[in-house]
Amino acid sequence: MRPKEHAKRKASDGVVDFRTWDRHNMPATSPTSAATWTNERIELLKSHFHAGLSCREIAADIGVSRNAVIGKLSRLNLTRGPKREERSVDKSTARALRTLRRLQYEMLDAIYDEAETPLAHAPIDETNRCSLLELSENRCRWPISTPGADDFCFCGNASPDGQSYCTGHARLAYRPNGRARLVRG
DNA sequence: CCCTGATTCGC
DNA sequence: GCGAATCAGG
């Protein structure tokens with residue numbers, strides 16, 4: 001992905017390519033207060049990045065342009081290079097993994113939106129984790145980590161009445177989408 | 001055409 | 001350091 005090394009022109013040079021100007025560079029927020037990278041925004045950026053959100057999604061949530069996100073990630077030496085567990089799988093599987101991670105993240109994010117002390121309301125015991133083969137009717141099937149990862153396992157806590165999840169994870173699982181959807185522009 | 005992330009370089 | 005312009009590619 002190496003851009004050619006010639007013909008770099010800026011709008012200030014009087015040369016603007018109106019063919020591509022630019023649906024990807026939606027203006028950020030109010031131009032009033034110089035929207036710079038505060039610590040909070042950087043933390044949001046990192047969080048969303050590690051959650052597998054796309055740069056556009058991150059940008060929409062933070063309120064900056066997509067290029068701003070990409071530029072900042074680049075400066076932070078954060079990249080979306082092939083992850084170890086995704087390197088050798090086919091594309092559709094890799095895509096499914098990304099989707100799963102994003103969904104898990106959105107569930108947690110929804111919890112954070114509603115509860116000030118999320119973990120206190122949904123105590124999750126980590127001591128009963130088990131493998132796929134160890135699952136049973138009364139064991140929580142909430143996936144831990146990423147499928148295919150070395151440490152992938154299931155919650156394994158007691159789940160009442162043979163339900164799929166323990167009480168804590170049921171709260172995560174059966175929550176309607178509480179996150180504002182992105183608006184395409 | 002839509003989109004994605006990556007890079008360059010004027011500011 | 002920031003990010004618009006532009007790239008390569010799905």
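Letters A, B, ... are given to chains in the order of the sequence lines, protein chains preceding strands, and every chain is numbered from 1. Quick note: numbers below take in every heavy atom, side chains included, and nothing from hydrogens, waters or symmetry partners.
Every side-chain contact (heavy atoms from CB on, under 4.5 Å) that A:Leu135 has, sequence neighbours left out, goes to A:Cys130, A:Leu132, A:Arg139, A:Arg141, A:Phe154. In this view, A:Ser54 and A:Arg56, A:Glu57 satisfy the side-chain contact (heavy atoms from CB on, under 4.5 Å) rule, not counting sequence neighbours.
For the pair A:Arg75 CZ and B:dC11 C1', the computed distance is 13 Å after rounding to whole Å. For the pair A:Leu73 CG and B:dT4 P, the interatomic distance rounds to 14 Å; values are reported in whole Å. The interatomic distance linking A:Ile58 (CD1) with B:dT4 (C1') rounds to 12 Å, in whole Å. Summarising the geometry, the separation between CZ on A:Arg41 and P on C:dG3 is reported as 9 Å, rounded to the nearest angstrom. Computed from coordinates, the A:Arg66 CZ to C:dA5 P distance equals 13 Å when rounded to whole Å. B:dT7 atom P lies 11 Å from atom CG of A:Asn77, rounded to whole Å. What separates CZ of A:Arg80 from P of C:dA8 is a distance of 22 Å, to the nearest Å. One atom, CD1 of A:Ile70, and another, C1' of C:dA5, lie 12 Å apart when rounded to the nearest Å.
Taking the six-membered ring for Trp and thresholds of 30 and 60 degrees, A:Tyr165 and A:Trp142 have ring planes more than 60 degrees apart, a perpendicular arrangement.
For A:Ser65, a side-chain nitrogen or oxygen approaches OP1 or OP2 of C:dA4 to under 4.0 Å. For A:Lys72, a side-chain nitrogen or oxygen approaches OP1 or OP2 of C:dC2 to under 4.0 Å. Of the side-chain N and O atoms in A:Thr79, one or more sit less than 4.0 angstrom from OP1 or OP2 of B:dA6.
Using a distance-only test at 3.5 Å, with no hydrogens or angles considered, a donor-acceptor pair links the side chain of A:Ser65 to the main chain of A:Ala68.
Side-chain atoms of A:Asn67 lie closest to C:dA5 of the nucleotides C:dC2, B:dT4, C:dA5.
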